[in-house]
S.K.: 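Below are the structure tokens for one structure; questions will follow.
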Amino acid sequence: MRISVIGCGYLGAVHAACMAELGHEVVGIDVDESKIENLSAGRAPFFEPGLGDLLSPDNARLRFTTDIAAAEHARVHFIAVGTPQVAGGVAADLTYVNAAVEALLPHIGPGHLVVGKSTVPVGTAARLAELVAPTGASLAWNPEFLREGFAVSDTLSPDRLVYGVDNRDDRAAEVLDEIYKRPLEAGTPRIVTDYATAELVKVSANAFLATKISFINAMAEIAEVTGADVTTLADAIGYDARIGRRFLNAGVGFGGGCLPKDIRAFQARAEELGVGHSLAFLADVDDVNLRRRQRVVDLVTENLGGDLTGKAVTVLGLAFKPESDDVRDSPALDVAQRLADAGAIVRATDPEAIETARRIRPHLDYVESIQEAISGADAVVVVTEWHQFRELDPAEVAGWARGRVVVDGRNCLDASDWRSAGWTYAGLGRP
Ligand SMILES: NC(=O)c1ccc[n+]([C@@H]2O[C@H](COP(=O)([O-])OP(=O)(O)OC[C@H]3O[C@@H](n4cnc5c(N)ncnc54)[C@H](O)[C@@H]3O)[C@@H](O)[C@H]2O)c1
Ligand SMILES: O=c1ccn([C@@H]2O[C@H](COP(=O)(O)OP(=O)(O)O[C@H]3O[C@H](CO)[C@@H](O)[C@H](O)[C@H]3O)[C@@H](O)[C@H]2O)c(=O)[nH]1
């Protein structure tokens with residue numbers, strides 16, 4: 001199948017490379033010249049395990065360009081551009097989706113299928129279908145559920161495939177089945193439904209995941225005033241198969257380019273639809289999540305005598321989660337900024353996210369080496385659970401730092417190991 005992928009960011013670049021891996025002839029298109037230059041040279045423009053292995057300038061099935069006219073040679077066009085929060089608001093900004101579809105219109109015709117992958121407010125697909133209809137092409141919505149850090153394997157072997165189609169269009173599902181032949185033959189469940197359901201599957205999945213994380217973080221708040229241990233609590237409730245242990249890790253909370261903006265945009269859309277009350281609980285989910293960031297800062301402050309002015313604090317982690325260089329709405333970077341705002345002298349490190357962090361917070365002090373970051377610190381704060389941080393030897397770290405305070409913002413360290421090495425250990429929701 002000849003495919004174009006419009007938008008080659010964290011989602012689109014992986015999707016383009018994986019579609020070529022599935023045997024299709026793919027052109028990736030983006031307005032960002034430097035991204036296209038890197039991808040064309042076989043370099044991943046961001047850190048994503050396994051992506052580099054799929055990119056090669058010699059791969060005849062995969063090319064990248066800034067020229068939207070290249071889409072003319074394809075028959076299926078995936079829309080993978082960003083849908084961030086609107087400036088100064090919480091709704092989804094559809095400018096990029098609208099611009100991408102508008103730009104595509106002169107290059108599509110009968111027999112073409114436009115497939116939305118971006119996360120959009122319910123109702124968007126039906127509106128875009130009207131826009132596409134005069135060209136003779138049709139439109140489907142095929143939301144994406146990949147996780148950063150596992151994006152390649154999630155794309156090649158998804159948990160499920162969802163197709164939102166116009167019920168007068170029998171062909172769209174057949175075309176998508178052909179594209180996803182390999183995962184479907186491997187047993188991936190597939191759900192064919194209407195546009196609205198497909199759009200809602202995506203945002204409700206993210207709302208559920210965010211709620212699950214905020215639920216356990218709310219339990220951490222209760223644990224903190226009762227002396228209970230939220231990690232033991234999570235293990236115990238997680239054994240109930242109806243609850244499950246995944247996404248029950250209490251800590252500094254969720255961030256990234258998806259969960260925070262998606263729950264806010266979902267609430268905004270529900271308000272527009274006159275059913276804001278149905279999603280009112282998501283405001284609490286957001287609040288609990290943001291409170292945890294300040295809680296980390298408060299724990300550092302309490303353990304450093306109540307005032308951070310002039311205190312040297314090392315922040316271990318900048319990415320919103322390990323195995324990613326993504327710092328969009330990163331709790332780690334936010335904590336680093338809050339500590340600096342409170343007067344601390346902050347030095348931060350991350351195995352992959354220093355460059356991305358520097359782009360949006362250029363004034364913070366970043367160092368590559370963990371030892372250099374910790375050297376002379378009054379307190380060490382772990383906010384992204386990279387294995388490089390989890391595996392630190394507390395006795396060795398004690399030789400680098402000045403103070404003996406460690407705040408575990410991801411509940412990822414062995415508290416007793418650190419305490420036996422002389423550290424004052426503080427976790428979130430743990431005694
Ligand atoms: N990142 C993820 O893990 C993930 C997973 C599932 C769904 N999504 C959704 O996918 C969409 C993309 O997210 P992302 O994380 O890849 O964003 P991103 O910002 O990394 O990438 C978006 C890309 O689109 C490009 N672009 C913007 N306008 C364009 C246009 N008119 N033509 C061509 N390219 C254009 C940008 O230059 C950028 O490279 C969002 O709706 C997001 O919610 C993301
Ligand atoms: O128990 C947990 C699990 C996750 N997190 C945090 O939650 C955030 C999101 O994590 P994750 O969902 O793994 O990352 P994303 O790559 O943002 O993926 C989410 O967002 C994508 C974009 O919509 C979806 O495609 C994925 O299915 C959905 O998991 C990160 O900050 C994690 O640190 C926790 O705090 N506790």
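Start at 1 with the first residue, then count along the sequence. Quick note: numbers below take in every heavy atom, side chains included, and nothing from hydrogens, waters or symmetry partners. Both ligands and their constituent atoms are indexed starting at 1 by order of listing. Note that the structure is predicted; figures quoted are calculated from it, not measured.
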S.K.: From atom 36 (C) of ligand 1, work out which of V81, T66, T155, D30 has a heavy atom at the shortest distance.
M.R.: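 When every heavy atom of V81, T66, T155, D30 is considered, D30 comes closest to atom 36 (C) of ligand 1.
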S.K.: List every atom of ligand 1 that sits less than 4.0 Å from any heavy atom of K35, numbering the atoms from 1 in the order shown and giving each element.
M.R.: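 Contacts of ligand 1 toward K35, numbered from 1: 38 (C), 39 (O).
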S.K.: Heavy-atom contact under 4.0 Å between K117 and ligand 1?
M.R.: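 Outside the 4.0 Å threshold, so no.
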S.K.: Mind listing the closest non-hydrogen atom pair of V120 and L94 along with its distance?
M.R.: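 Heavy atoms of V120 and L94 come nearest at CG1-CD2, 4.0 Å.
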S.K.: Assess R147 against F150: is NZ or CZ under 6.0 Å from the centre of the six-membered ring, and within 45 degrees of the ring's axis?
M.R.: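 R147 over F150 ring: yes.
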S.K.: Should the pair R245 and Y239 be classed as cation-pi, given the thresholds of under 6.0 Å to the six-membered ring centre and 45° from the axis?
M.R.: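 No, a cation-pi geometry is absent between R245 and Y239.
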S.K.: Need the list: ligand 2 N/O atoms against protein N/O atoms, distance under 3.5 Å, rounded to one decimal.
M.R.:
{"unit_1": "ligand 2", "atom_1": "1 (O)", "unit_2": "L248", "atom_2": "N", "d": "3.4"}
{"unit_1": "ligand 2", "atom_1": "1 (O)", "unit_2": "N249", "atom_2": "N", "d": "2.9"}
{"unit_1": "ligand 2", "atom_1": "13 (O)", "unit_2": "K321", "atom_2": "NZ", "d": "2.9"}
{"unit_1": "ligand 2", "atom_1": "14 (O)", "unit_2": "K321", "atom_2": "NZ", "d": "3.0"}
{"unit_1": "ligand 2", "atom_1": "16 (O)", "unit_2": "E148", "atom_2": "N", "d": "2.8"}
{"unit_1": "ligand 2", "atom_1": "16 (O)", "unit_2": "K321", "atom_2": "NZ", "d": "3.3"}
{"unit_1": "ligand 2", "atom_1": "23 (O)", "unit_2": "K202", "atom_2": "NZ", "d": "2.8"}
{"unit_1": "ligand 2", "atom_1": "23 (O)", "unit_2": "N206", "atom_2": "ND2", "d": "2.8"}
{"unit_1": "ligand 2", "atom_1": "25 (O)", "unit_2": "F145", "atom_2": "O", "d": "3.2"}
{"unit_1": "ligand 2", "atom_1": "25 (O)", "unit_2": "L146", "atom_2": "N", "d": "3.4"}
{"unit_1": "ligand 2", "atom_1": "25 (O)", "unit_2": "L146", "atom_2": "O", "d": "2.6"}
{"unit_1": "ligand 2", "atom_1": "25 (O)", "unit_2": "K202", "atom_2": "NZ", "d": "2.9"}
{"unit_1": "ligand 2", "atom_1": "27 (O)", "unit_2": "F145", "atom_2": "O", "d": "2.8"}
{"unit_1": "ligand 2", "atom_1": "31 (O)", "unit_2": "G255", "atom_2": "N", "d": "3.1"}
{"unit_1": "ligand 2", "atom_1": "31 (O)", "unit_2": "F320", "atom_2": "O", "d": "2.8"}
{"unit_1": "ligand 2", "atom_1": "33 (O)", "unit_2": "F320", "atom_2": "O", "d": "3.4"}
{"unit_1": "ligand 2", "atom_1": "33 (O)", "unit_2": "R410", "atom_2": "NH1", "d": "3.1"}
{"unit_1": "ligand 2", "atom_1": "33 (O)", "unit_2": "R410", "atom_2": "NH2", "d": "3.3"}
{"unit_1": "ligand 2", "atom_1": "35 (O)", "unit_2": "R410", "atom_2": "NH1", "d": "3.1"}
{"unit_1": "ligand 2", "atom_1": "36 (N)", "unit_2": "N249", "atom_2": "O", "d": "3.0"}

S.K.: K261 heavy atoms, cut-off 4.0 Å: which ligand 1 atoms fall inside?
M.R.: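 Taking each heavy atom of K261 in turn, ligand 1 has 42 (C), 43 (O) under 4.0 Å.
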S.K.: In terms of the angle between their ring planes, are F78 and H15 parallel, tilted or perpendicular, with boundaries placed at 30° and 60°?
M.R.: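 Ring orientation, 0 to 90° scale: perpendicular.
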S.K.: For ligand 1, which atoms have a heavy atom of R328 less than 4.0 angstrom away?
M.R.: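 Those atoms are 1 (N), 14 (P), 15 (O), 17 (O), 18 (P), 19 (O), 20 (O).
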S.K.: Are any of the heavy atoms in A80 under 4.0 Å away from ligand 1?
M.R.: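 Distance cut 4.0 Å: A80 passes for ligand 1.
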S.K.: What atoms in ligand 1 come closer than 4.0 Å to a heavy atom of Y10?
M.R.: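 Per the distance check, 1 (N), 15 (O), 16 (O), 20 (O).
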S.K.: In terms of side-chain geometry, is the basic nitrogen of R338 or D334 positioned less than 4.0 Å from the acidic oxygen of its partner?
M.R.: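 D334 and R338: salt-bridged.
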S.K.: Just which atoms of ligand 1 are under 4.0 Å from any heavy atom in Y96?
M.R.: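 Within the 4.0 Å cut-off of Y96, ligand 1 contributes 27 (C), 28 (N).
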S.K.: Under 3.5 Å, N or O to N or O, is E148 touching ligand 1 that way?
M.R.: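 Yes, E148 has an N/O under 3.5 Å of an N/O on ligand 1.
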S.K.: L11 to ligand 1: N or O pair under 3.5 Å?
M.R.: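 Yes, since at least one N or O of L11 sits under 3.5 Å from an N or O of ligand 1.
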